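What follows is a set of notes on a single structure, which appears directly below.
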Amino acid sequence: MRIEDFDVLVVGAGLSGLRAGLELSKKWNTAVISKVFPIRSHSGAAQGGINAALGNLEVGKDDTPKGHAFDTVKGSDYLADQDVVMFMCEEAPKIVIEFESMGAPFSRLESGLIAQRPFGGAGFPRTCYAGDRTGHALLNTLNEQSIHNGVKFFDEYFLLDLFKADGRIAGLIALDIAKGELVSFRAPYIILATGGFGRIFKHSTNAMINTGDGVGAAFRAGIPMQDVEFVQFHPTTLYGTNILITEGARGEGGYLFNKKRVRYMKNTAPKAMELAPRDIVARANEIEVIEGRGFENAYVHLDLTHLGADRIKERLPGIREISIYFAGVDPIEEPIPVQPGQHYSMGGIGTNVDGDYGETEIAGLYTIGECSCLSVHGANRLGGNSLLETAVFGRYLGRKLLERGLPKKIPSRDILAAEEKVLNNTLTLFKSWNENLGKKPVEIRNEMGEIMNKNVGVFRTHDNLQKAYDKLVLLQKDFQNVHVSSDDWKFNYGLIRTLELRSMLDIAEATTFAALWRKESRGAHYRWDYIKRDDENFLCHSLIYRGKDGLEMRIKPVKLGIFEVKERKY
Ligand SMILES: Cc1cc2nc3c(=O)[nH]c(=O)nc-3n(C[C@H](O)[C@H](O)[C@H](O)COP(=O)(O)OP(=O)(O)OC[C@H]3O[C@@H](n4cnc5c(N)ncnc54)[C@H](O)[C@@H]3O)c2cc1C
C-alpha cells in the first residue's frame, strides 16, 4: 500500500476545504483530497450569493453584523448557538472583501461597490453575488489561489475510513479511483470538509456526489451526528427535475402565485411575503398544493415576468437558461413551475460544545462546511449563510491549527497497527461485496430515496417516520448482502456507489430516528402531530451515536446569548 505523509489533510475541495487548505499551506505541508476535480465540487453550483453586512445599498446602510446575527438566530428558530453565529457575522464583511481582493468577480453597483440583493429572513439586502453563479466565481477564485500557494491536491481519491493511534487521529485510507489502489494518508490533523448529503432523498437540488461520505466515516469512527433531523427543503425547485431556482429570483422581486392567481404568502408572512425564511415558504407552497390550489396538484408559480427582460438577463441568466432547457418556459414571458425540494442539511458531524469551532470528540479531527454541524444554522438556514460559513470557518480553522502547532509524533509502530486494521477491514469488505448475492447498490439507493421523500419530507408524522425507520433498518440488512459485480477496482463506479451508500444509509437512519425523537415543530422540522415549538423539552441539539443495540440519542445544550428566544413572526 502506498503511504503519503503530511502535516495536515483536508478532505474536500469545495469552498470550505479549499479555504482551510489555502491558509494551512502558508506554513505546513498540506494535502487536499477530493473525490472529484476541485472545481467540480458542489460549491460551484451555488447561485444566489453570500451574506455580509456591508451596507452597500442606500436601503441597507444601517445594516450591522449584529443585525445579521439576529436574523440568523431568529431564522434558525433559536436553535443556533449564538456565540458561533456572532463570530460568523462579524467575520462576514472581512471574508467578502478578502474574496474581492483575491479577484472574485462580484456583480457591482453603479458606484463600483459590491452589489447586494435581499434574501429570505434578512432585515436588509445583504447578499453579495456574482449574477446567479456566485459559487462558480468563488470556487474558481479559491482554486487558483490554492494552486498558486502550493497546496498538494489528490484529485479523484475517495476517503474510505479514518484511523486513530495513541488516542488521536493518525490518518485515513483512501482509494485512488483511477489506479484502483489503496493509499494511506498519515497526518496528525485531519479536516473533514466533504459537503452535504442531500442525495439520501430521491429528489434534491444536490449533485449526485453529495452522499455524506465524511459524515459516514466520522460516524463509523465514533463521532455522533448532530441535528440531522433538520433538513432544508428549498421552496422553489423546478417542478419535475428539482433543479434549484435561486432565492435570488424572489430577492430580485419574483412573486409566488397559486392557480387562482393569489399571492398566498400574504396569509403566512404578511410583512416578509416571498422573502420569509425557507422553511415557512416551503410549507406555504406545499399547503397550496395539498389544499387544491396548486397547478396539476403538484406545483405553484414563481412569476418573474414583471421584472422585465433586461433585469432577468443581467441578474438571473442561469435561472433563465435552466427554465428554458429543463421546463420549456422562458421566465421573461411565463411563470416558472416550482415545488419544494430537499436542498441543505443543517445537521452533520457533531462538534464539541467548548473548544475550537469545528473540533470533534477525536483529538486532531476537525470538520467544517456543510458536512459539519457547527450550529450556525440551527433548525433552519438562511439563504446566503452557507457560502459564508464555508469560508469563515475554513480560514478560522486554518489559523487556529497553525497557532496550535504540530503535536508530538505518534510512534510509527502504533500508526502501522492502526493502518493495518483499517486496511484489512477494507479488503474483507470489498471481497464480501463481490461474493454476496444480494441486491445491487442502485436498488437499495432508489428504495432509500423513495422512503425519505415520501415519509421524511416537509410535513412529518409519527406514523410516517416510524414506517420509514422500520424500512431503513431492513435496507441496512439488505446492505449487509449487497452485490458489487466487478472486482477490478480501477474506475469501478459500482464500488464507489456502494461505498457512498454505506454512509447514506447511516445518515438516513439517523435522520429518521432523530425526527421521531423530536416531538415538536421547529424550523424545517414540522410534525403534524406536534405542531408547536416546545422550548421546555426540545431547545437542545440532538446527538446520535451507534451503540451496541442500535442508535442512541444524547442531547447537548444550545448556547443562548443576547437574543431572547421568542415566537417567530415575519
Ligand atoms: C444548487 C445549490 C445552490 C446553492 N446556492 C447557495 C447560495 O447561493 N448561497 C449559499 O450560501 N449557499 C448555497 N448553497 C449551499 C452551499 O453551496 C453549500 O452548502 C456549500 O457550497 C458546501 O460547501 P462545502 O465546502 O461544505 O462542500 P462541497 O462544495 O460540496 O465540497 C465537498 C467536497 O468534498 C469532497 N468529497 C466528498 N466525499 C468525498 C470522499 N469520500 N473522498 C474524497 N473527497 C470527498 C468532494 O469531492 C468535494 O470536493 C447552494 C446549494 C445548492 C445545492
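Bear in mind the structure is a predicted one, so any value in this text is a computation, not a measurement. Both ligands and their constituent atoms are indexed starting at 1 by order of listing.
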Among all the protein's non-hydrogen atoms, which is closest to atom 10 (C) of ligand 1, and how far away is it? Leu387 CG, 3.3 Å
Students should be able to answer this: which protein heavy-atom is nearest to atom 51 (C) of ligand 1, and at what distance? His343 CE1, 3.5 Å
Centroid separation under 6.0 Å, is that true for the rings of Phe119 and Tyr129? no
Determine whether any heavy atom of Thr134 lies closer than 4.0 Å to an atom of ligand 1. no
Heavy-atom pairs closer than 4.0 Å: do any link ligand 1 to the side chain of Tyr157, the backbone, both, or neither? backbone
Are Asn51 and Thr127 close enough that a side-chain donor and a side-chain acceptor fall under 3.5 Å? yes
At what distance is the nearest protein heavy atom to atom 35 (C) of ligand 1, and which residue and atom is it? Gly12 CA, 3.6 Å
heavy-atom search around atom 7 (C) of ligand 1 in the protein gives Gly49 O, 3.6 Å
What are the atoms of ligand 1, with element, lying closer than 4.0 Å to any heavy atom of Gly48? 7 (C), 8 (O)
Any idea which atoms of ligand 1 are less than 4.0 Å away from a heavy-atom of Leu244? 1 (C), 2 (C), 3 (C)
Need the ligand 1 atom indices (1-based, order shown) with element for anything under 4.0 Å from a heavy-atom of Leu159. 40 (C), 41 (N), 42 (N), 43 (C)
Identify the protein heavy atom lying closest to atom 46 (C) of ligand 1, giving its residue, its atom name and the separation to 0.1 Å. Ser34 OG, 3.8 Å
With no hydrogens and no angle check, do the side chains of His541 and Asp81 hold a donor and an acceptor under 3.5 Å apart? yes
Relative to the heavy atoms of Ala13, which atoms of ligand 1 are at a distance of less than 4.0 Å? 33 (C), 48 (C), 49 (O)
Heavy-atom contact check, 4.0 Å cutoff: does Gly384 meet ligand 1? yes
Could you check whether any side-chain N or O of Glu100 sits under 3.5 Å from a backbone N or O of Phe106, counting only pairs where one atom can act as donor and the other as acceptor? no
Gap separating the OG1 atom of Thr246 from the CD atom of Glu252, nearest 0.5 angstrom: 9.0 Å
Indicate, with yes or no, if the rings of His377 and Phe230 have centres closer together than 6.0 Å. no
Examine the proximity of ligand 1 to Val11 and report which part, side chain or backbone, both or neither, has a heavy atom under 4.0 Å away. side chain
Distance only, no hydrogens: is a donor on one side chain within 3.5 Å (strictly under) of an acceptor on the other, for Asn210 and Ser204? no
In terms of side-chain heavy atoms, does Asn380 have a donor or acceptor partner in Gln232 at a distance below 3.5 Å? yes
Do we see a donor-acceptor contact under 3.5 Å between the side chains of Asp213 and Thr211? yes
Just jot down the ligand 1 atoms closer than 4.0 angstrom to any heavy atom of Gly369, in number order. 26 (O)
Asp213 heavy atoms, cut-off 4.0 Å: which ligand 1 atoms fall inside? 38 (N), 39 (C), 40 (C), 41 (N)
Is the Tyr357 ring parallel, tilted or perpendicular to the Tyr396 ring (thresholds 30°, 60°)? tilted
Work out which heavy atom in Val151 is nearest to a heavy atom in Gly21; give both atom names and the distance. CG2-O, 3.8 Å
If you take the nearest heavy atom of each of Arg40, Arg381, Glu370, which one is closest to atom 14 (N) of ligand 1? Arg381
Protein contact of atom 16 (C) of ligand 1 - nearest heavy atom, named by residue and atom, plus distance: Ser386 OG, 3.5 Å
Report yes or no: does Ser34 contribute a side-chain atom to a donor-acceptor pair with the main-chain N or O of Asp155 at less than 3.5 Å? no
Tell me whether Ala193 reaches ligand 1 (any heavy atom closer than 4.0 angstrom to a ligand atom). yes
To the nearest 0.1 Å, how far is atom 25 (O) of ligand 1 from its closest protein heavy atom, and which atom is that? Ser16 OG, 2.6 Å
Would you say Leu15 touches ligand 1, if touching means a heavy atom closer than 4.0 Å? yes
What is the nearest protein non-hydrogen atom to atom 21 (O) of ligand 1, stated with its residue, atom name and distance? Ser43 OG, 2.8 Å
